[in-house]
*Asks:* 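Take a look at the following structure, please.
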There are 2 protein chains.
Amino acid sequence: MVQSSIKVLRNRGYRVTRPRRQVLEVLETAQRPLSPYDIQKLLWGKGKHLDHVTIYRVLDLFCTLNLAHKILSLGGFVRCALGKREGCHRFTVCRNCGAFQEFADKGLCAGESEITQDFGFHAEQHLAESLGLCSECSSPQGDSV
Amino acid sequence: MVQSSIKVLRNRGYRVTRPRRQVLEVLETAQRPLSPYDIQKLLWGKGKHLDHVTIYRVLDLFCTLNLAHKILSLGGFVRCALGKREGCHRFTVCRNCGAFQEFADKGLCAGESEITQDFGFHAEQHLAESLGLCSECSSPQGDSV
DNA sequence: TTGTTAATGCAATAATGTTGCATTTATAAT
DNA sequence: ATTATAAATGCAACATTATTGCATTAACAA
């Protein structure tokens with residue numbers, strides 16, 4: 001996973017730097033969306049000092065390369081598992097524990113083009129998030145719900 | 001439109017204050033999503049000094065009452081034209097001029113419940129935004145594209 | 001090993017969002 | 001109209017998040 005992302009960087013002519021490796025690793029192991037400062041704290045805890053400016057820039061790059069994705073409803077970033085070819089991406093995000101799931105949803109794109117064609121709207125980016133509770137957190141034994 | 005929002009406030013037991021009226025008016029006439037500070041500047045231009053804290057609080061209330069909606073991809077607020085009963089809301093937003101359009105999309109909710117049921121995910125909020133260019137801005141004569 | 005240039009780190013600053021509390025004011029009761 | 005009262009606002013202070021310019025570092029090619 002991290003390896004394939006590194007390949008993407010190389011193939012596109014970007015350098016494989018230590019900060020980029022470190023952010024990739026953190027995103028890879030994270031079970032929830034991470035804000036830039038979340039990432040900084042996590043790395044800091046391992047004795048790795050990254051400037052927050054660097055993290056912002058790395059995340060920007062990752063998003064344009066489709067290696068990461070920003071969950072707007074929580075303001076955090078997740079690794080991107082699916083390529084652009086596989087249709088629109090939909091995310092489910094648990095508001096309690098942050099667990100997320102990514103889906104390639106072709107029906108979503110279809111519905112969108114239908115509804116927007118009439119207005120001559122040219123869509124470039126699609127955003128589809130569902131915020132709620134994952135199965136764990138919505139169960140009776142779920143914590144703090 | 002502003003009048004109906006005022007009714008909602010009254011019916012729910014909230015006071016109809018000057019700040020709330022003013023924010024409603026601004027949102028009503030705006031042709032693009034407005035951030036809290038956008039709203040402050042617009043009102044300030046008319047000689048009306050609202051504290052930004054008040055604007056944040058008013059917008060919070062409006063969102064919970066479904067009178068306004070936050071466009072996450074731009075960080076701005078728009079008036080909400082459709083009620084919760086009419087299904088999921090989808091927005092198209094022009095990244096150039098900010099023009100937006102709101103749709104009630106029942107297919108969206110349907111697709112969501114399908115795709116999430118298998119995972120036991122309980123969705124509470126839905127986010128569906130399409131970012132791109134409106135018909136004006138994507139036309140050859142469109143400005144700055 | 002060395003040169004080149006992309007990428008990083010740092011400092012400063014801007015923009016955005018939050019909290020607690022004193023004061024004001026919208027509303028209901030008189 | 002007037003007054004009581006509780007909600008809402010304004011203010012000050014602060015916390016968080018994001019951006020810019022520039023000197024320095026380090027990834028990669030030769």
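Chain naming here is simple, since letters A, B, ... match the order of the sequence lines and numbering starts at 1 in each.
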*Asks:* About how many Å separate CG of L34(A) and CD of Q40(A), when rounded to the nearest 0.5 Å?
*Replies:* 12.5 Å
*Asks:* Just to be sure I understand the geometry, which residues of residues 24-37 of chain B put a non-hydrogen atom under 4.0 Å away from DNA chain D?
*Replies:* none
*Asks:* Would you kindly give the OH-to-P distance between Y56(B) and dA15(C), to the nearest whole Å?
*Replies:* 12 Å
*Asks:* Hydrophobic clusters join Ile, Leu, Val, Met, Phe, Trp and Tyr when side-chain heavy atoms are under 4.5 Å apart, directly or via other members; which others share one with V53(B)?
*Replies:* none
*Asks:* Tell me the interatomic distance from L9(A), atom CG, to dA6(C), atom C1', rounded to whole angstroms.
*Replies:* 13 Å
*Asks:* Would you call the rings of H49(A) and W44(A) parallel, tilted or perpendicular, taking 30° and 60° as the class edges?
*Replies:* tilted
*Asks:* Starting at CD1 of I39(A) and ending at P of dA18(D), how long is that distance when rounded to a whole Å?
*Replies:* 11 Å
*Asks:* Using atom CZ of R21(A) as one end and atom C1' of dA7(C) as the other, report the distance to the nearest whole Å.
*Replies:* 15 Å
*Asks:* Would you say the side chain of V78(B) lies within less than 4.5 Å of the side chain of F91(B), judging by non-hydrogen atoms?
*Replies:* yes
*Asks:* Check each of L50(A), T54(A), L59(A) against P36(A) using the side-chain contact (heavy atoms from CB on, under 4.5 Å) test, and report the only one that passes.
*Replies:* L59(A)
*Asks:* Could you walk me through whether H69(B) and F77(B) pass ring pair (Phe, Tyr, Trp, His ring centres under 6.0 Å), step by step?
*Replies:* CA-CA 6 Å; H69(B) 179 95; F77(B) 292 80; 8.8 Å; no
*Asks:* In whole Å, I'd like the distance from the CZ atom of F77(B) to the P atom of dT16(C).
*Replies:* 12 Å
*Asks:* So what does V16(B) touch, heavy atoms closer than 4.0 Å: a base, only the sugar-phosphate, or nothing?
*Replies:* sugar-phosphate
*Asks:* Strictly by side chain to side chain donor-acceptor pair (under 3.5 Å), give each pair with a member in residues 15-30 of chain A just once, sequence neighbours left out.
*Replies:* none
*Asks:* Using side-chain contact (heavy atoms from CB on, under 4.5 Å), reason through S130(B) and F121(A) one step at a time and then give a plain yes or no.
*Replies:* CA-CA 9 Å; S130(B) 304; F121(A) 185 84; 4.1 Å; yes
*Asks:* How does protein contact run along nucleotides 4-9 of chain D, one letter per nucleotide 5' to 3', with B for base contact, S for sugar-phosphate only, - for none, heavy atoms under 4.0 Å?
*Replies:* --BBSB
*Asks:* Below 4.0 angstrom, N of the basic side chain to O of the carboxylate: do E124(A) and R95(B) qualify?
*Replies:* yes
*Asks:* Expressed in angstrom and rounded to an integer, what is the separation of I55(A) atom CD1 from dG9(C) atom P?
*Replies:* 9 Å
*Asks:* Start with the C-alpha distance between F119(B) and F103(A), add both sets of side-chain angles, then the distance that settles ring pair (Phe, Tyr, Trp, His ring centres under 6.0 Å), and finish with yes or no.
*Replies:* CA-CA 12 Å; F119(B) 295 84; F103(A) 302 92; 5.2 Å; yes
*Asks:* So does H52(A) reach the base of dT16(D) with its side chain, donor to acceptor, closer than 3.5 Å?
*Replies:* no
*Asks:* Nearest-Å distance, CD1 (I6(A)) to C1' (dA27(D))?
*Replies:* 13 Å
*Asks:* Tell me which donor-acceptor pairs under 3.5 Å the side chains of residues 3-11 of chain A have, and how far apart each pair is, sequence neighbours excluded?
*Replies:*
| unit_1 | atom_1 | unit_2 | atom_2 | d |
| --- | --- | --- | --- | --- |
| S4(A) | OG | M1(A) | O | 2.8 |
| S5(A) | OG | M1(A) | O | 3.2 |
| N11(A) | ND2 | K7(A) | O | 3.3 |

*Asks:* Report the distance from atom CZ of R12(A) to atom P of dC28(D), rounded to the nearest whole Å.
*Replies:* 17 Å
*Asks:* Treat a base pair as Watson-Crick or G-U wobble with both distances under 3.5 Å, then lay out DNA chain D in dot-bracket form, 5' to 3', with | for cross-strand pairs.
*Replies:* ||||||||||||||||||||||||||||||
*Asks:* Looking for any heavy atom pair under 4.0 Å, which part of the strands does R10(B) touch: base, sugar-phosphate only, or nothing?
*Replies:* sugar-phosphate
